[in-house]
Amino acid sequence: MKLDLTLTVDGHHHSLTVDTRTTVLDALREHLDITSPKKGCDHGQCGACTVLLDGRRTLSCLSLAVAHDGAEITTADGLAPDGELHPLQQAFVDHDAYQCGYCTPGQICSAVGMLDEAAHGAPSVVTDDLTGDVRLDRAEIAERLSGNLCRCGAYAHIVDAVEQVAR
């Protein structure tokens, strides 16, 4: 069965017809030719497909496109629409946090979402004070990004990059 839906991706409106089993990831990559989110495990375990879906970080391989008709999706490409790098993208470059680059778009989208969550006071499992402001130290950043795997092992550099922007 196929359904029509609309998505706003990186500021551009798209109308498309998809099989009801199509994930957001497949809609982006196969129907819209947007390849920033990567297909890593296709099981929600690696985070390479992470995008911001209506402002929240989401594993796009686990989300059905038809469930998000009318949604606004931001990929790593859409974080800097005017050609300038987003501060997190620049920090990844500055700290050599991208290595092979495969996981980088998902890492960056996850970090943007994580910084927003922390700014709104959402605690993680390692947050010491559940009533105060979230302090993004290295342990807090690492925990919040633990759902995004890096095959190159650039975790220390990734945490450095996020820590720079969090300051």
Side-chain angles (χ1 to χ4, degrees), residues 2-3 5-14 16 18-81 86-89 91-92 97-127 134 136 139-155 157-159 161-162 165-166:
K2 294 190 179 240
L3 287 177
L5 65 109
T6 60
L7 298 172
T8 301
V9 183
D10 297 337
H12 302 284
H13 301 287
H14 301 278
L16 54 152
V18 298
D19 183 291
T20 56
R21 298 167 292 182
T22 302
T23 64
V24 170
L25 177 62
D26 289 337
L28 294 171
R29 293 184 62 83
E30 296 174 17
H31 294 269
L32 301 176
D33 294 324
I34 297 169
T35 58
S36 175
K38 303 298 187 246
K39 186 173 272 210
C41 66
D42 223 12
H43 295 287
Q45 297 174 338
C46 73
C49 67
T50 304
V51 297
L52 299 173
L53 184 70
D54 291 330
R56 296 184 55 122
R57 57 185 172 155
T58 301
L59 298 169
S60 63
C61 74
L62 296 181
S63 303
L64 292 176
V66 295
H68 298 289
D69 185 19
E72 184 172 323
I73 298 170
T74 304
T75 69
D77 290 341
L79 292 172
H86 182 279
L88 269 166
Q89 292 168 324
F92 267 62
Y98 54 89
Q99 299 291 309
C100 81
Y102 194 83
C103 71
T104 304
Q107 294 274 3
I108 289 173
C109 282
S110 187
V112 168
M114 178 274 295
L115 289 172
D116 186 55
E117 291 164 12
H120 286 95
S124 79
V125 71
V126 297
T127 304
V134 174
L136 290 174
E140 188 77 39
I141 292 168
E143 170 59 30
R144 288 172 181 263
L145 295 179
S146 64
N148 289 78
L149 303 180
C150 174
R151 295 170 181 155
C152 299
Y155 297 114
H157 299 292
I158 291 167
V159 172
V162 175
V165 174

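What you see below is based on every heavy atom in this structure, not just the backbone, and it leaves out hydrogens, waters and symmetry mates. What you see is a predicted model; the values in this text were computed from it and never measured.
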- Would a 4.5 Å heavy-atom cut-off, applied to side chains only, mark Leu32 and Val9 as touching? yes
- Message: For a quick test of reading the model, state the closest non-hydrogen atom pair linking Tyr102 to Ala48 and the distance between them.
- Response: CE2-CB, 4.2 Å
- Task: Flag the pair Asp116 and Arg56 as a salt bridge only when some basic side-chain nitrogen lies within less than 4.0 angstrom of an acidic carboxylate oxygen.
- Result: no
- Message: If I take atom CG from residue Asp10 and atom CG from residue Leu79, how far apart are they, to the nearest 0.5 angstrom?
- Response: 7.5 Å
- To the nearest 0.5 Å, atom CG of Leu136 lies from atom OG of Ser124 at 9.0 Å
- Message: Between Thr8 and Ile73, is there a side-chain heavy-atom distance shorter than 4.5 Å?
- Response: no
- Message: I want to check something: taking the side chain as every heavy atom from C-beta on, are Leu7 and Val24 in contact at a cut-off of under 4.5 Å?
- Response: no
- Query: Does Leu64 reach the side chain of Thr20, with side-chain heavy atoms less than 4.5 Å apart?
  - Reply: no
- Query: Asn148 versus Tyr155: any side-chain heavy-atom pair under 4.5 Å?
  - Reply: no
- Message: Just so I know, are the side chains of Val112 and Thr74 near enough to count as touching, which here means a heavy-atom distance under 4.5 Å?
- Response: no
- Between CG on residue Asp42 and SG on residue Cys61, distance to nearest 0.5 Å: 5.5 Å
- Query: Between the side chain of Ser146 and the main-chain N/O of Glu143, is any donor-acceptor distance below 3.5 Å?
  - Reply: yes
- Task: Test Val66 against Val18 for side chain to side chain contact (heavy atoms under 4.5 Å, CB included), laying out the working first.
- Result: CA-CA 8 Å; Val66 295; Val18 298; 4.0 Å; yes
- Task: Taking all heavy atoms of Gly47 and all of Leu59, pick out the closest pair and write down the distance.
- Result: CA-CD2, 3.7 Å
- Does a side-chain heavy-atom distance below 4.5 Å link Val162 with Met114? yes
- Note on the structure: Between His157 and Gln99 the two heavy atoms that sit nearest each other are CD2-NE2, 4.4 Å
- So how far is it from Leu16 CG to Leu28 CG, rounded to the nearest 0.5 Å? 9.0 Å
- Donor-acceptor contact below 3.5 Å, side chain Ser63 vs main chain Ser60: no
- Query: Is a donor on one side and an acceptor on the other found under 3.5 Å between the side chain of His43 and the backbone of Gln45?
  - Reply: no
- Item | Contact summary for Ala97 and Ala154, nearest pair of heavy atoms | O-CB, 4.1 Å
- Sub-3.5 Å donor-acceptor pair from the side chain of Asp54 to the main-chain atoms of Ala71, do we have one? no
- Approximate separation, where rounding is to 0.5 Å, of Phe92 CZ and Ile108 CD1: 5.0 Å
- Message: How long is the straight-line distance from NE2 of His13 back to OG1 of Thr6, given to the nearest 0.5 Å?
- Response: 9.0 Å
- Residues Thr35 and Arg29: closest non-hydrogen pair is O-NH1, 3.0 Å
- Message: Has Glu117 got a side-chain atom pairing as donor or acceptor with Arg57's backbone, closer than 3.5 angstrom?
- Response: no
- Query: Nearest heavy-atom pair of Val165 and Pro87: which atoms, and what distance?
  - Reply: CG2-O, 3.6 Å
- Query: Are the side chains of Ile158 and Leu145 in touch, meaning some heavy atoms are under 4.5 Å apart?
  - Reply: yes
- Message: Has Asp19 got a side-chain atom pairing as donor or acceptor with Lys2's backbone, closer than 3.5 angstrom?
- Response: no
